[in-house]
Amino acid sequence: MAAFTADNAFSGFSVDDIDAAEEFYGTALGLDVERNAMGFLDLRLPSGGSILVYSKPNHTPASFTILNFPVADVDAAVDELIARGVQTKIYSDEEFPSDERGIVRSNGRGPDIAWFRDPAGNVLAVMQA
């Protein structure tokens with residue numbers, strides 16, 4: 001099939017407040033955020049990819065992690081997120097046992113990871129790369 005290609009493919013997710021999302025992704029997370037002609041947000045990633053964020057009146061937060069941020073030092077990244085006002089301990093210890101900052105230690109069974117939510121309730125994660 002020559003008509004279908006993966007060139008310029010992108011992912012997207014919904015939010016209930018596009019202004020709050022723009023502030024969160026641009027200021028709290030420091031991503032390159034641009035409003036497109038339709039009023040949606042384009043998150044431009046340093047790797048060259050992009051993610052479309054669109055407003056949806058009947059938005060329901062995703063029940064899974066929609067965006068992962070691999071980092072060299074998860075402890076430092078979590079400290080930075082907390083300093084920016086992001087809450088990283090969003091699960092109870094019964095669901096995901098974690099330290100006081102919300103970091104789940106893998107003990108060699110995967111990456112150390114901390115989850116957090118955007119203003120629309122979508123789950124994101126920062127993980128040791």
Side-chain angles (χ1 to χ4, degrees):
M1 289 182 12
F4 174 83
T5 70
D7 294 348
N8 301 311
F10 62 92
S11 182
F13 58 87
S14 71
V15 296
D16 55 359
D17 182 336
I18 204 76
D19 293 326
E22 184 173 27
E23 176 69 19
F24 178 78
Y25 286 98
T27 301
L29 298 188
L31 298 179
D32 180 10
V33 179
E34 183 178 308
R35 277 209 197 218
N36 67 25
M38 295 172 50
F40 300 151
L41 302 178
D42 289 319
L43 306 181
R44 305 273 180 208
L45 304 176
S47 63
S50 68
I51 301 167
L52 179 71
V53 180
Y54 56 95
S55 183
K56 185 177 173 196
N58 61 346
H59 166 76
T60 301
S63 61
F64 52 88
T65 307
I66 62 163
L67 188 55
N68 293 287
F69 295 94
V71 296
D73 184 341
V74 73
D75 290 277
V78 166
D79 289 344
E80 189 174 315
L81 287 169
I82 291 170
R84 294 178 182 186
V86 176
Q87 179 185 353
T88 55
K89 187 165 179 70
I90 63 171
Y91 295 115
S92 70
D93 286 336
E94 291 75 38
E95 291 177 282
F96 292 106
S98 63
D99 66 18
E100 66 281 352
R101 295 176 300 153
I103 301 173
V104 176
R105 305 293 175 178
S106 69
N107 298 320
R109 296 184 312 269
D112 291 350
I113 187 168
W115 289 277
F116 56 99
R117 295 185 191 279
D118 73 3
N122 294 311
V123 178
L124 300 92
V126 61
M127 65 178 60
Q128 187 82 32

Query raised in the report: What is the distance from atom CD of Q87 to atom CD1 of I82, rounded to the nearest 0.5 Å?
Result: 9.0 Å
Requested in this report: Identify the heavy atoms of V71 and A77 that sit nearest to each other, and give their distance.
Outcome: CG2-CB, 3.9 Å
Report summary line: When rounded to the nearest 0.5 Å, the distance separating CG of L41 from CD1 of I18 is 3.5 Å
Query raised in the report: Within the side chain of D93, is there an N or O that forms a donor-acceptor pair under 3.5 Å with the backbone of S98?
Result: yes
Query - ring-ring contact (aromatic ring centres under 6.0 Å, His included) pairs, two or more places apart, involving residues 30-63 - result: none
Query raised in the report: Is there a path of hydrophobic side-chain contacts, each under 4.5 Å between heavy atoms of I, L, V, M, F, W or Y residues, that connects I51 with Y25?
Result: yes
Query - Donor-acceptor contact below 3.5 Å, side chain D32 vs main chain P46 - result: no
Query raised in the report: What are the two closest non-hydrogen atoms of D16 and P119, and how far apart are they?
Result: OD1-O, 4.5 Å
Report task. May I ask you to decide if A62's main-chain N or O and N122's side chain share a donor-acceptor pair within less than 3.5 Å? Result -> yes
Query raised in the report: Would you say Q128's side chain and A72's backbone share a donor-acceptor pair under 3.5 angstrom?
Result: yes
**Report entry** Linked, directly or transitively: V33 and F13 (ILVMFWY side chains, under 4.5 Å)
**Finding:** yes
Requested in this report: Decide whether W115 and V74 are clustered together by the hydrophobic rule: side chain heavy atoms of Ile, Leu, Val, Met, Phe, Trp, Tyr closer than 4.5 Å, transitively.
Outcome: no
Query - Over all atoms of both residues, closest heavy-atom pair of Y91 and R117 - result: CE2-NH2, 4.2 Å
Query raised in the report: L29, L45: one ILVMFWY side-chain cluster at the under-4.5 Å cut-off?
Result: yes
Report task. Considering non-hydrogen atoms only, spot the tightest contact between T88 and F116 and give its length. Result -> CA-CB, 4.2 Å
Query raised in the report: So how far is it from I113 CD1 to F69 CZ, rounded to the nearest 0.5 Å?
Result: 12.0 Å
Query raised in the report: Are F64 and V15 co-members of a hydrophobic cluster defined by side-chain heavy atoms under 4.5 Å apart?
Result: yes
Requested in this report: Using a cut-off of 6.0 Å, state whether more than 12 heavy atoms not belonging to N8 lie near its atom CG.
Outcome: no
Requested in this report: Compare every heavy atom of A28 with every heavy atom of V86, then report the nearest pair and how far apart it is.
Outcome: CG2-CB, 4.2 Å
Report summary line: Applied to residues 59-75, the salt bridge (charged side-chain N to carboxylate O under 4.0 Å, His left out) test, sequence neighbours excluded, yields D75-R101, D75-R105
Requested in this report: Identify the heavy atoms of E100 and K89 that sit nearest to each other, and give their distance.
Outcome: O-CD, 3.8 Å
**Report entry** Sequence neighbours excluded - salt bridge (charged side-chain N to carboxylate O under 4.0 Å, His left out) pairs with any residue from residues 36-45
**Finding:** D42-R44
Query - D79 CG to I103 CD1 distance, which is reported to the nearest 0.5 Å - result: 7.0 Å
Query raised in the report: Rounded to the nearest 0.5 Å, how far does CG of D19 lie from OG of S55?
Result: 9.0 Å
